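Taking it in order: structure first as structure tokens, then the write-up.
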Amino acid sequence: MITERVQRVVTEWAAEEGWAETPVCRLERPAEEAHGDYATAVCLQMAKAARRPPLVLAEELRRHLLADPEVARAVDKLEIAGPGFLNFTLSRDAYVEAMAEMLAAGEDFGRGPERAHPRVNLEFVSVNPNGPLHVGHGRYAAYGDSLQRLLKFSGMNVATEFYINDYGRQMDRFGRSVAARYAQSFGVDLPVPNDGYQGEYVKEIAAGLRAEIGDRYAEALERAASRVTVAGAPGRNAGGARETAPEEVLYEEEEEETPDGLAEWPDDPAIKEAVDFFRTRACRVMLEQMKSELEAFGVVFDCWFSETGLHVDGRLERVVQRLLDAGEAYREGDAVWLRTTSRGDDKDRVLIRRNGAPTYFAADIAYHESKLERGFEHLINIWGADHHGYVARMKAAVEILSGRPGSLEIIIGQLVNLLEKGALRQMSTRRGEMVTLAELVRAIGVDAARFFLVSRSQDQTLDLDLDLARRHSQDNPVYYVQYAHARIASIIRNVPEGMEAGVPVGAEVFATPYEQALVKRLESFPAVVQDAAERRAPHRIAGYAQELAGDFHVFYKHCRVIGVGPEEGASRLALCLVTKRVVARCLHLLGVSAPESM
RNA sequence: GCGCCUGUAGCUCAGUUGGAUAGAGCGUUGGUCUACGAAACCAAAGGCCGGAGGUUCGAAUCCUCUCAGGCGCACCA
């Protein structure tokens, strides 16, 4: 196509002139119609290095371009404008050729060349399985999944992964919360811990487990209840299963005295067993729920990786030993530290605490070691903005493990704020304050939800007002795009026998600006894909899809496909076919359906 | 205090490896269905791109300062 051809001419010219650097010649769509179909500022950009005025360069480049037979054929006018722009006006041949190419490319139009290496691992969502997914998680699910689809379509070799944070204090709190609700269902006065999980779903899980095991742990927990020290803390209601006011829960307190949060429950083997049971089983329940919710949301992971496994199978110990042996880690003050400062971190980080317990960081290192051992050469993690303080140490750690800088890429996504009657509120699983992903999907559907969540740059914090979203769901731009697809499908259904798509050369082919605009938009699709993939920016696909749909709707308004001359009809049908494919592709990349009718 | 992200139309947001007169959707006002789907199209109104300096042919985009909001700066996860 013309863009590549122009670049080749510029490259040859640069070689001829003996310039050290080959200028990159980008053809842009000028805002102003009078500036032609494409424009480039390359002469302005290289004027300084070439030490010649831009207008002189433009004159020369123009001559070189017109001397190239392919460019000459594709261009009707090639004008020098302003301080040194080159403006291209395409010939009819250029449209015909571009269209023929796109039509021939079929379903694969826009797909990048397949690359087996590097093997890429993309990790996202990765939450504690101790509560339902809320829309914040949904945002990362939508973003991560679309990114995965986009990277694959651009040619990369990608596998996706969900790291299950099923180990540690949060999970113990969760287990005790479920145990407490279970006990309460027997009338036992065992309160949900101060720092436990208050959401309604905890009761439901407890009820589910009770249905399965009956009163197996009721007695042990009753014993626990009788020995729990109450100390006037909030959240302890006599009379069992009553809701605790979330805002009274003070989870900042007592962090010092009871660092593992478990001390307020007596140390009794039977109680411990009960808590273990509830933790493990509740975790499994949540995990299954997440899996099916994500699947319903169109998000499927290649691998679910359990943190607990790292502790159980000894990998964690091994990697710490390995780091010690390599001299990357050291002991100091009864703790084991990783020398992350050697790779740009602010300070060294603890792997094994003074009390012998490994940090979350150590487990994460073991996890990333596993990724590397499984043959992934490039690791991408998507994290929420609340974890960005963790980036430097993790990058340092992976660099130490792999011996290669840059092998871990971390994408920070901004958070989702919950908006209620104009008031802002941070979501919290522990307090049970959230809009769940399932609620959002129920309110506006998967297509609108995914489009909404992925249309914004991941760098942008997102305010979500569920009422507003529900009220405006009919205005969701996703329908604008889908409508274009359905409209084309309808045209195709009406195509009479014997009429076929094709790109004949003739005076009436691509004669209107509406057709030309559509061809140009379609032609840019491969570049949009590559650009969006490189920038990890699936929202650009959403933007492109809306522009493309817009071009199509305008075209539709002005140009009939059926019932016109044979050449006009064939070329317009071709335009419809390719547009339909590209719209469908965009929607698919966003995890949104492309309906034949709606 | 230090670091990261963000400030663009009334609202929600695109556009940021420097390009010509800054865009879209929603909302507002007014128009368009006797041929393929009006979930559409057309037109109007709406902006000191947070502010101030700087870099240069040219800045929403790059640099410095500044104001405002969000998020971080653990032997928590």
Side-chain angles (χ1 to χ4, degrees), chain A residues 24 26 28 30-32 34-35 39-41 44-45 47-48 53-54 81-85 87 127-128 165 167-171 173 255 259-261 307 333-337 346-347 349-364 384-392 412-415 417 424 426 452 455-463 465 468 472 474-484 486-496 534-535 539-540 542-544 546-547 549-550 552-554 556-564 569 572-573 576 597-598:
Chain A
V24 178
R26 276 184 28 229
E28 295 168 354
E32 189 67 28
H35 295 147
T40 180
L44 290 159
Q45 284 150 2
K48 194 167 274 180
F85 293 101
N87 293 338
V127 295
N128 295 105
N165 290 148
Y167 187 89
R169 196 203 296 180
Q170 290 305 331
M171 291 310 294
R173 285 173 178 162
E255 222 57 294
D260 59 1
E307 180 187 354
D334 291 331
V336 178
W337 300 71
D346 297 334
K347 53 198 249 190
R349 308 290 175 171
V350 170
L351 297 176
I352 307 292
R353 290 183 283 227
R354 220 174 334 186
N355 67 7
T359 57
Y360 179 83
F361 182 46
D364 224 351
D386 51 345
H387 286 85
H388 82 250
Y390 195 69
V391 169
I412 293 298
Q414 297 301 313
L415 303 175
N417 293 316
L424 264 182
Q426 202 61 227
F452 171 77
S455 300
R456 288 145 177 73
S457 154
Q458 81 285 350
D459 269 344
Q460 194 80 238
T461 51
L462 190 148
D463 293 341
D465 184 322
L468 213 64
H472 287 332
Q474 288 313 305
D475 303 327
N476 192 306
V478 74
Y479 300 119
Y480 182 77
V481 179
Q482 286 181 321
Y483 183 59
R487 236 181 181 179
I488 297 172
S490 170
I491 295 172
I492 290 171
R493 280 194 296 272
N494 288 324
V495 164
E534 272 164 34
R535 294 171 190 263
H539 74 274
R540 288 186 180 228
Y544 173 81
Q546 289 178 70
E547 288 167 348
F552 175 77
H553 288 308
V554 174
Y556 177 88
K557 195 72 186 176
H558 293 92
C559 303
R560 286 195 53 82
V561 177
I562 295 164
V564 292
R572 285 177 178 175
L573 185 55
C576 287
S597 67
M598 53 196 284

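Letters A, B, ... mirror the listed sequences (proteins, then strands); counts begin at 1. Note that the coordinates shown come from a computational prediction; the quantities given were computed from them, not determined experimentally. Values reported hereafter were calculated over all heavy atoms of this structure, with side chains retained and with hydrogens, waters and symmetry mates removed.
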How is A:H35 classified with respect to the nucleic acid when contacts are heavy atoms under 4.0 Å: base, sugar-phosphate, or nothing? base
A:R487: which of A:Q482, A:M598, A:H553 passes side chain to side chain contact (heavy atoms under 4.5 Å, CB included): A:H553
Reckon A:S457 touches a base, only the sugar-phosphate, or nothing at all at heavy-atom distances under 4.0 Å? sugar-phosphate
Quick check: are there more than 12 heavy atoms from other residues, nucleotides or ligands sitting under 6.0 Å from CZ of A:R353? yes
At under 4.0 Å between heavy atoms, what does A:L415 touch on the DNA or RNA strands: base, sugar-phosphate, or nothing? sugar-phosphate
Counting the atoms with a prime plus P, OP1 and OP2 as sugar-phosphate, which does A:N128 contact under 4.0 Å by heavy atoms, base, sugar-phosphate, or nothing? sugar-phosphate
Please work out if A:R535 contacts a base, only the sugar-phosphate, or nothing of the nucleic acid, heavy-atom cut-off 4.0 Å. sugar-phosphate
Is there a side-chain contact between A:R540 and the phosphate of B:U16, meaning an N or O under 4.0 Å from OP1 or OP2? yes
Minimum-distance nucleotide to A:Q170 side chain [options: B:G3, B:A74, B:A77]: B:A77
Would you indicate what A:Q45 reaches in the nucleic acid, counting non-hydrogen atoms under 4.0 angstrom: base, sugar-phosphate, or nothing? base
Using the C1' atom as the point on both nucleotides, what is the distance between B:C49 and B:U61, in whole Å? 10 Å
Below 4.0 angstrom from OP1 or OP2 of B:A39, is there any side-chain N or O of A:Y483? yes
Below 4.0 angstrom from OP1 or OP2 of B:A39, is there any side-chain N or O of A:N476? no
Please work out whether the ring planes of A:Y360 and A:Y390 are parallel, tilted or perpendicular, with thresholds of 30° and 60°. tilted
With the side chain of A:H472 defined as its heavy atoms from C-beta on, choose the nearest nucleotide among B:C26, B:C36, B:U6. B:C26
How is A:E32 classified with respect to the nucleic acid when contacts are heavy atoms under 4.0 Å: base, sugar-phosphate, or nothing? base
So A:V554, base contact, sugar-phosphate only, or nothing? Heavy-atom distance under 4.0 Å. sugar-phosphate
Using only heavy-atom distances, decide whether a donor-acceptor pair under 3.5 angstrom links the side-chain of A:N87 to the base of B:A20. yes
Give one of base, sugar-phosphate or nothing for A:A357, where a contact means two heavy atoms less than 4.0 Å apart. nothing
With a 4.0 Å cut-off on heavy atoms, is A:R456 in touch with a base, just the backbone sugar-phosphate, or nothing at all? sugar-phosphate
Which is true for A:H539 with a 4.0 Å heavy-atom rule: it touches a base, it touches only sugar-phosphate, or it touches nothing? sugar-phosphate
If we count only N and O atoms by modelled type, under 3.5 Å, do the side chains of A:N165 and A:N128 hold a donor and an acceptor together? no
Categorize A:I492 for me: base, sugar-phosphate, or nothing, with a 4.0 angstrom heavy-atom threshold over every strand shown. nothing
Give one of base, sugar-phosphate or nothing for A:M598, where a contact means two heavy atoms less than 4.0 Å apart. base
Within the 4.0 Å heavy-atom criterion, would you say A:G84 contacts the bases, only the backbone, or no part of the nucleic acid? nothing
Quick one: classify the glycosidic conformation of B:C33 as syn or anti, with syn meaning within 90° of 0. syn
